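Read the structure below first, then the notes.
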Amino acid sequence: MISGGCLCGRVKYDISGELGDIVHCHCKTCRKAHGAAFSSVAAVKDDDFTLSGRESLSSFESSPGKVRQFCSVCGTQVYAKREGTKHLILRLGSLDSEPKSKEKNHIWVSQKASWYSIKNDLPECQEFE
Ligand SMILES: [Zn+2]
Ligand SMILES: [Zn+2]
């Protein structure tokens, strides 16, 4: 079982299935939302995700149909959800467990912060893929 939650502990989750491959997203909305150079994410099937403390979540639709869910008290970004999909996009900084997934790539490198240098051998996609 993989588990995680927000900084203040009000929001917690368990994942019963597999996490998808790890993607590092450098898009401007991820940078702003996370207050960081990039956001590392992986897909989780809706059916595998058990959330507690939902009442503490706030959400923000950062682009049409894409909603970011974060703790309204401590601000931790927990997951994002795209309308009409059967999975959510977990924000891996919220994990308490070690995921077994492998890193896949960097995306939205066209919007990468100029003050961060990518130094590894993963593929770099200018946009989504
Ligand atoms: Zn919190
Ligand atoms: Zn992004």
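Everything numeric in this text was worked out from a predicted model, so none of it was measured. One-based numbering, in listed order, for ligands and for the atoms of each.
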Can you check whether [Y]'s main-chain N or O pairs, donor with acceptor, with [X]'s side chain at less than 3.5 Å?
X    : Y    : value
T76  : L7   : yes
R91  : H34  : no
K112 : Y116 : yes

TODO: Provide the full list of salt bridge (charged side-chain N to carboxylate O under 4.0 Å, His left out) pairs with a residue in residues 38-62, sequence neighbours left out, each pair given once.
DONE: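 Every salt bridge (charged side-chain N to carboxylate O under 4.0 Å, His left out) pair that includes a residue of residues 38-62, provided the two are not neighbours, is D46-K81.
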Task: Set of side chain to side chain donor-acceptor pair (under 3.5 Å) partners for S94, sequence neighbours left out - done: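 Scan of S94 (side chain to side chain donor-acceptor pair (under 3.5 Å), adjacent residues dropped) gives Y13.
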- [ ] Return the orientation label for the H24 and H106 ring planes: parallel under 30°, perpendicular over 60°, tilted otherwise.
- [x]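 Answer is tilted, since the angle falls between 30° and 60°.
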- [ ] Give every protein N, O or S atom lying under 2.8 Å from the Zn ion (ligand 2), naming each by residue and atom.
- [x] C25 SG, C27 SG, C30 SG
Open item on the list: Tell me how many protein N, O or S atoms are within a distance shorter than 2.8 Å of the Zn ion (ligand 1).
Closed with: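 Count of protein N, O, S atoms less than 2.8 Å from the Zn ion (ligand 1): 4.
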Task: Worked verdict on K66 versus R82 for side chain to side chain contact (heavy atoms under 4.5 Å, CB included) - done: CA-CA 4 Å; K66 182 177 178 176; R82 199 173 278 282; 3.5 Å; yes
Task: Same apolar cluster: V41 and L19, side chain cutoff 4.5 Å - done: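 No, because V41 and L19 fall into different hydrophobic clusters, even though each may have its own neighbours under 4.5 Å.
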Open item on the list: If you define the side chain from C-beta out and look only at heavy atoms, does anything of T29 sit under 4.5 Å from W108?
Closed with: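 A side-chain contact under 4.5 Å is absent here.
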